[in-house]
2 protein chains.
Amino acid sequence: MASKKRLSSDERRALILTAAIAVFGAKGYVGTTTDDIARAADVSQPYVVRLFGTKEQLFLAALDETLRLLFEAFERGAGAGLDDEIEARMGHEYIGLLTVRGLHQTLSHAFLLGSHPVIGPRARDGFARVWAYLRDLGFPAERAQAFLAQGMMLNTMIGLRLADAAEVDPRITDLFAACFPTEKATVLALAPRVDEPW
Amino acid sequence: MASKKRLSSDERRALILTAAIAVFGAKGYVGTTTDDIARAADVSQPYVVRLFGTKEQLFLAALDETLRLLFEAFERGAGAGLDDEIEARMGHEYIGLLTVRGLHQTLSHAFLLGSHPVIGPRARDGFARVWAYLRDLGFPAERAQAFLAQGMMLNTMIGLRLADAAEVDPRITDLFAACFPTEKATVLALAPRVDEPW
DNA sequence: GTCTATAAGACGATAGAC
DNA sequence: GTCTATCGTCTTATAGAC
């Protein structure tokens, strides 16, 4: 059993944030305990609280990091080309974010916290920034709208953990084929499964 | 102060179920206490547990009722006409369900509980039934997919409580106009607001 | 049909040591 | 930088009365 290394505060924070996105994504803001995250990051529960102040601040940090990774991915996808090409590349990047465990679901959970006095405003601002980003990129309103809607659909299918069902339930096979005409295999390969705790 | 009437078990169950959809929608499965629902329904907390067994079973009952109302609305919207007409009517009915407090958000929360051992399977089945309903109605896969995606988008905007922001934030005004070209006024009139507890 | 009282457990946060 | 111990609170569910 390897003994644990003493890390710098920043390194430890980064590890805990990664764990937080995974666990918050799987169990939601309220459903996640600071101890869940501590165990996922292999540190003690009080230390998580010590580093981030409160569970609420930890969630805000996880949301910020999630949005940072999202815009980073969008930046990679944006660039020269026709609208169709840009949209395809950005969709591809968004699917690629499935390698960040819990990212899509952390977004979904944040977007359901609209009535939370502290998290709600931050979540609304994040969503509005995504919208503004697409529009500033030159997406016409209707296209931006459809692109976002597809993203919410992917989030939902991930949150439902529908991927295993795609292999046994013909309805779900049909659904995946319709949603991801070109990237079905990638999505099925990267999507979290029912039996994964996170 | 009006004294409370003694109701039949079925009447009381129906009242509690309505309250449960509203509160679960606003605060989520884990974030809602049985006491929250009891107070919203004006009964004692142990009585809620008595009538529904456990909080988990109560959530399942609320989800069932939510899906029942959803299919009932779809049935009203379906019927004769071109695909475009049917889709417009069904979208209209789905927006009309905003009069049922918490319905869209209860769906969203259920759809994020994919890793829950009991609720997860029921949520997946509900989603698959919605998909199958659209396909059986004759929707081509691509159209059914886009329709569902728009629904997820509406759910997200409701969960975020974006409606107030539409009146002050130009980004959000633009977003609402793009998402609801014909029904923006209805959505804004029916959407829950930030300051509503549920 | 409905309530009050309460047991039993889980959780966030603090204190303080190393 | 990181841990152990622990307090106080909240929450589900049960017991039992009316």
Side-chain angles (χ1 to χ4, degrees), chain A residues 1-20 22-24 26-63 109 113 115-119 197-198, chain B residues 1-20 22-24 26-63 109 113 115-119 197-198:
Chain A
M1 182 152 58
S3 78
K4 221 162 61 188
K5 212 182 142 196
R6 191 185 171 94
L7 299 181
S8 80
S9 187
D10 279 353
E11 288 170 313
R12 192 60 84 187
R13 276 182 70 97
L15 289 176
I16 293 175
L17 262 189
T18 300
V23 183
F24 277 134
K27 323 218 310 182
Y29 173 58
V30 190
T32 295
T33 69
T34 52
D35 192 48
D36 288 334
I37 294 168
R39 276 184 280 105
D42 196 28
V43 294
S44 71
Q45 178 267 335
Y47 191 43
V48 170
V49 175
R50 170 85 90 170
L51 280 185
F52 288 89
T54 64
K55 175 176 157 178
E56 183 179 290
Q57 288 176 287
L58 173 53
F59 186 81
L60 290 176
L63 176 57
H109 276 113
L113 288 169
S115 54
H116 189 288
V118 176
I119 301 173
W198 50 73
Chain B
M1 179 153 59
S3 79
K4 220 163 59 186
K5 213 182 141 195
R6 190 188 173 93
L7 299 182
S8 80
S9 187
D10 281 353
E11 288 171 312
R12 191 62 81 186
R13 276 182 70 96
L15 289 176
I16 293 176
L17 223 38
T18 299
V23 183
F24 277 134
K27 321 216 311 182
Y29 173 58
V30 190
T32 296
T33 69
T34 53
D35 193 48
D36 287 335
I37 295 168
R39 275 185 279 105
D42 197 28
V43 294
S44 71
Q45 178 267 332
Y47 191 43
V48 170
V49 174
R50 170 87 99 182
L51 280 185
F52 287 89
T54 64
K55 176 176 155 178
E56 183 179 291
Q57 288 177 288
L58 173 53
F59 186 81
L60 291 176
L63 176 57
H109 276 113
L113 288 170
S115 54
H116 188 289
V118 176
I119 301 173
W198 51 70

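Side-chain contact between B:L58 and B:V48: present, with at least one pair of heavy atoms (C-beta onward) separated by less than 4.5 Å. The closest side-chain heavy-atom distance from B:L17 to B:F52 is below 4.5 Å. Contact annotation: the side chain of B:R12 never approaches that of B:S9 to less than 4.5 Å [non-hydrogen atoms, C-beta and beyond].
B:E56 CD to B:Y29 OH: the interatomic distance, rounded to the nearest 0.5 Å, is 4.5 Å. One distance of note links CD1 of A:I119 with CD of A:Q57; it measures 10.5 Å at 0.5 Å rounding. Between the CD1 atom in B:I37 and the NZ atom in B:K27 there is a gap of 9.5 Å [rounded to 0.5 Å].
The aromatic rings of B:F59 and B:F24 sit perpendicular to each other, their planes meeting at more than 60°, with 30° as the lower class boundary.
Using a 4.0 Å cut-off between charged side-chain N and carboxylate O, B:R39 and B:D36 make a salt bridge.
Straight-line distance from the OH atom of B:Y47 to the P atom of D:dC18: 18 Å, rounded to whole Å. Atom pair A:E11:CD and D:dT2:P shows a separation of 9 Å (rounding to whole Å applied). D:dC10 atom C1' lies 12 Å from atom NZ of A:K55, rounded to whole Å. Rounded to whole angstrom, the span from the CG atom of A:L7 across to the C1' atom of D:dC3 amounts to 15 Å. Atom-to-atom, CG of A:D42 to P of D:dG1 comes out at 17 Å; the value is rounded to the nearest Å. If you take CZ of B:F52 and C1' of D:dA13, they are 16 Å apart, rounded to a whole angstrom. Taking atom CG of residue B:D35 and atom C1' of nucleotide D:dA13, one finds them 13 Å apart after rounding to whole Å. The separation between A:I37 atom CD1 and C:dC11 atom P is 12 Å, rounded to whole Å.
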Worksheet item: Reading nucleotides 5-10 of chain C 5' to 3', which nucleotides get B (base under 4.0 Å from a protein heavy atom), which S (sugar-phosphate only), which -?
Response: B-----

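Contact annotation: A:R12 reaches the phosphate of D:dT2 (side-chain N/O to OP1 or OP2, under 4.0 Å).
Where A:T54 and B:S44 meet DNA chain C, the nucleotide closest to each residue was compared, and B:S44 sits on the side nearer the 5' end.
Proximity note for A:R50 (side chain, C-beta onward) versus C:dA17, D:dG1, C:dC3: the nearest is C:dA17.
Counting non-hydrogen atoms under 4.0 angstrom, A:L51 reaches nothing in the nucleic acid.
The two residues A:L51 and A:R13 have their closest heavy-atom pair at O-NH1, 3.0 Å.
In the helix from C:dG1-D:dC18 to C:dC18-D:dG1, the end axes, each obtained as the rotation axis mapping the C1' atoms of four pairs onto the next four within a five-pair block, lie 10° apart to the nearest 10 degrees.
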